[in-house]
Amino acid sequence: MTAVAGVQVINSNYKKERIKIAFNPFEALSEDKDAEIFAVQDQSHLKGKKWIPDISEVFKDSFSVFSFISNYCSNNPDMEPETLDKILTNLRSIGNRLIGVIELSDNLEIDVVTDIFIRINSKGTALSQGDFVMSKIAADEEHGGNTLRKAIDYFAHLCKEPSFYDYIADNDTEFARTEYLRKIAWLKDDKETVYDPECDDILRVAFMYSYPRAKLADLVSLLSGRDFETRDYKSEIIEQTYEKLTQGVLSVINQNNFTQFVLAIRGAGFISPKLVKSRMALDFAYALYLRLRNDRSVSVSDVKRIVQKWYVLSVLTGRYSGSPESAFYRDIKMINEIGVVRTLEGMEAAILSDNFWNVKIVQDLAQTSTINPTYLVYLAAQVSGNDMSLLSSNVTVKDLIEITGDVHHIFPKEYLKANGFSKNMYNQIANYAFLDTQVNKSIGKKAPREYFTEAERQCNSGIVTYGSITHTDVLHQNLEMNCIPKEVMQMDYTNYTEFLEKRRMLMAEKIRQYYYGL
């Protein structure tokens with residue numbers, strides 16, 4: 001429709017643009033069912049004489065069929081005027097076609113409508129429950145849903161592109177007159193990237209905070225006025241839902257709430273988006289933080305600590321990775337019954353056994369992916385402990401994560417390849433450590449016993465070859481904080497499997513001490 005009418009649309013960067021479709025009359029004569037009759041306009045269509053570059057020109061009231069046929073046939077002698085006239089008549093008839101509309105009975109349950117919405121929109125960019133909620137509130141001007149949707153959408157976009165604030169203020173004057181613009185104005189100076197929530201995240205957190213429920217499908221029902229006890233639909237429930245949802249959204253986008261929550265996550269060592277891959281765990285942690293702020297049974301000093309432990313435990317156990325909304329619901333239900341503190345204590349008692357730390361976590365570290373959740377928690381533990389990078393006395397792991405430092409193979413990759421090890425073996429998580437680029441280059445393809453022995457020797461000679469450590473006790477501390485067994489001084493490729501086993505145990509122990517130290 002927009003291509004035919006020549007109407008501008010707003011793209012993913014919130015800029016207005018035209019969708020231009022080109023048309024080839026010659027291909028319209030083809031009997032080939034795969035003939036390229038229409039195409040998204042590019043430079044070839046603007047240069048090619050056979051193409052009508054923009055079909056919207058054909059649908060304008062000012063379009064002259066006679067003049068167009070004359071000019072087109074002059075440029076394309078192979079096209080007969082009468083034939084082109086028939087083709088143009090067929091093309092222009094598109095403007096009279098009805099767009100398919102699916103009408104649903106008003107007797108359908110709202111969850112059925114939601115399911116139909118998601119199924120119909122499952123192709124291309126698949127839409128979610130959150131998209132349906134955004135569509136529903138956008139259409140409700142009576143309760144201010146259209147403005148609330150913009151507030152959510154703009155907040156999510158500003159988190160990623162703070163400079164977009166000026167565009168909103170200058171181009172959406174209606175929104176600029178609302179309180180929402182003032183509420184999100186702080187983001188124009190925000191440079192934090194650890195937690196940049198999407199619209200779904202904002203809705204999910206606001207809903208979990210405002211209601212003792214967790215499924216966005218329930219929010220759709222409440223926005224439709226459903227009374228879950230009587231199963232009736234009441235207008236007062238719609239009004240109450242909008243009021244509570246609006247307050248929930250305002251709490252989520254509040255500068256103090258948001259920045260203090262992010263500080264709590266950063267304080268646990270997750271100082272970069274590279275360390276934060278569990279979005280659902282982050283959403284629940286934020287909803288938990290908002291709830292704890294108003295919980296008088298929990299001291300202010302304990303709020304961040306509880307949120308940190310909950311988040312880390314959720315990541316280590318994959319608590320919200322399978323069916324997150326079901327897990328959200330179970331946890332919220334338990335919190336409503338016995339409170340946050342007792343719920344967390346119960347989780348720890350049920351999960352954190354010696355087998356969890358000595359077996360499960362060790363097994364989780366026997367992988368190759370650098371986005372493995374357990375490995376990311378290990379790195380957060382290093383950041384939290386202000387650990388120095390390998391063979392360095394002044395460059396921290398935190399520094400290297402923030403400036404994209406090298407992840408070094410403790411047993412160098414080329415060294416292991418030369419000795420017959422496969423990719424799945426030399427790229428083990430337990431073979432990774434952050435270190436400075438120059439140190440990495442100086443190590444090259446040397447066996448660990450060679451370069452670590454030399455690093456120890458330089459502590460006595462004062463001639464620095466690897467890194468910046470010049471004292472033996474500092475070197476041993478550096479190995480310890482990087483969970484590298486002291487036996488590495490005598491190890492070569494024949495000891496590689498033994499090294500991996502020892503280091504995984506040390507990494508698991510570091511994660512354990514980190515968690516209980518939060």
Side-chain angles (χ1 to χ4, degrees), residues 269 271-272 274-275 365 370 375-376 378-419 421 425-507 509-511 513-514:
I271 45 96
S272 166
K274 290 180 288 188
L275 303 182
L365 292 167
T370 55
Y375 176 62
L376 296 180
Y378 165 75
L379 293 180
Q382 285 207 290
V383 172
S384 179
N386 202 35
D387 291 348
M388 292 296 160
S389 59
L390 186 59
L391 297 178
S392 174
S393 61
N394 52 19
V395 180
T396 66
V397 172
K398 177 183 178 182
D399 293 333
L400 295 181
I401 288 175
E402 289 182 328
I403 64 173
T404 316
D406 285 352
V407 177
H408 167 60
H409 291 73
I410 300 167
F411 277 67
K413 178 172 68 175
E414 295 303 323
Y415 169 72
L416 290 177
K417 286 173 66 175
N419 286 284
F421 287 87
M425 280 300 292
Y426 61 70
N427 278 343
Q428 284 286 311
I429 285 174
N431 194 29
Y432 292 145
F434 271 92
L435 80 169
D436 186 78
T437 302
Q438 294 306 315
V439 181
N440 195 8
K441 289 180 179 178
S442 63
I443 290 171
K445 304 176 184 179
K446 300 180 180 68
R449 70 178 182 183
E450 183 178 346
Y451 72 84
F452 276 115
T453 299
E454 182 60 35
E456 188 173 42
R457 189 178 298 120
Q458 76 186 22
C459 294
N460 299 318
S461 67
I463 302 174
V464 178
T465 306
Y466 300 104
S468 57
I469 297 175
T470 55
H471 293 86
T472 304
D473 57 341
V474 176
L475 176 61
H476 291 165
Q477 289 172 9
N478 185 262
L479 292 178
E480 183 179 348
M481 64 179 59
N482 284 282
C483 298
I484 297 175
K486 292 180 180 179
E487 294 90 334
V488 77
M489 299 285 186
Q490 290 81 43
M491 286 184 169
D492 60 15
Y493 71 91
T494 61
N495 311 109
Y496 180 56
T497 302
E498 175 191 353
F499 166 80
L500 292 178
E501 292 174 355
K502 287 180 178 292
R503 189 163 190 246
R504 287 181 195 127
M505 293 295 293
L506 292 173
M507 292 169 77
E509 180 59 27
K510 188 178 191 73
I511 294 172
Q513 292 178 8
Y514 155 76

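All values reported here derive from a predicted model rather than from experimental measurement.
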Considering all heavy atoms, the nearest [X]-[Y] contact:
{"X": "Ser393", "Y": "Ile469", "answer": "N-CG1, 4.0 Å"}
{"X": "Asp399", "Y": "Asn394", "answer": "OD2-O, 4.3 Å"}
{"X": "Gln458", "Y": "Ser461", "answer": "CA-OG, 3.4 Å"}
{"X": "Phe452", "Y": "Leu391", "answer": "CE2-CD2, 4.0 Å"}
{"X": "Leu275", "Y": "Gly269", "answer": "CD1-O, 3.5 Å"}

Side-chain ([X]) to main-chain ([Y]) donor-acceptor, under 3.5 angstrom:
{"X": "Thr472", "Y": "Cys459", "answer": "no"}
{"X": "Asn431", "Y": "Gln428", "answer": "no"}
{"X": "Thr453", "Y": "Met489", "answer": "yes"}
{"X": "Thr396", "Y": "Asn386", "answer": "no"}

Interatomic spacing from [atom1] in [X] to [atom2] in [Y] - rounded to 0.5 Å:
{"X": "Met481", "Y": "Ser389", "atom1": "CE", "atom2": "OG", "value": "10.0 Å"}
{"X": "Asn482", "Y": "Arg503", "atom1": "CG", "atom2": "CZ", "value": "6.5 Å"}
{"X": "Met388", "Y": "Gln477", "atom1": "CE", "atom2": "CD", "value": "10.5 Å"}
{"X": "Ile429", "Y": "Thr370", "atom1": "CD1", "atom2": "OG1", "value": "8.0 Å"}
{"X": "Thr465", "Y": "Arg457", "atom1": "OG1", "atom2": "CZ", "value": "9.0 Å"}
{"X": "Asn419", "Y": "Tyr493", "atom1": "CG", "atom2": "OH", "value": "5.0 Å"}

Can you list the steps and then say if Tyr432 with His409 is a side-chain contact (heavy atoms from CB on, under 4.5 Å)?
CA-CA 5 Å; Tyr432 292 145; His409 291 73; 3.6 Å; yes
[X] versus [Y]: any side-chain heavy-atom pair under 4.5 Å?
{"X": "Phe411", "Y": "Leu500", "value": "no"}
{"X": "Asp436", "Y": "Ser392", "value": "no"}
{"X": "Glu487", "Y": "Pro485", "value": "yes"}
{"X": "Lys510", "Y": "Asp387", "value": "yes"}
{"X": "Met507", "Y": "Tyr375", "value": "yes"}

Please verify the inter-ring angle class for Tyr451 with Tyr466; under 30° counts as parallel, over 60° as perpendicular, anything in between as tilted.
tilted
Where does the angle between the aromatic ring planes of Phe499 and Tyr496 fall among parallel (under 30°), tilted (30 to 60°) and perpendicular (over 60°)?
parallel
Consider only side-chain N and O atoms of Gln513 and Glu509, and report whether a donor and an acceptor are under 3.5 Å apart.
yes
Could you check Val439 against Leu390 for side-chain contact (heavy atoms from CB on, under 4.5 Å), going step by step and ending with a plain yes or no?
CA-CA 9 Å; Val439 181; Leu390 186 59; over 6 Å; no
His476, NE2: over 12 other non-hydrogen atoms inside 6.0 angstrom
yes
Any chance CD of Glu480 has more than 12 other-residue heavy atoms, nucleotides or ligands included, within less than 6.0 Å?
no
Test side-chain contact (heavy atoms from CB on, under 4.5 Å) applied to Ser272 and Ile401, step by step:
CA-CA 7 Å; Ser272 166; Ile401 288 175; 3.9 Å; yes
Please say which of Leu479, Asn478, Leu506 ends up in a side chain to side chain contact (heavy atoms under 4.5 Å, CB included) with Ile484.
Leu479
Dump the intermediate steps for side-chain contact (heavy atoms from CB on, under 4.5 Å) on Met425 and Leu416, then the final yes or no.
CA-CA 9 Å; Met425 280 300 292; Leu416 290 177; over 6 Å; no
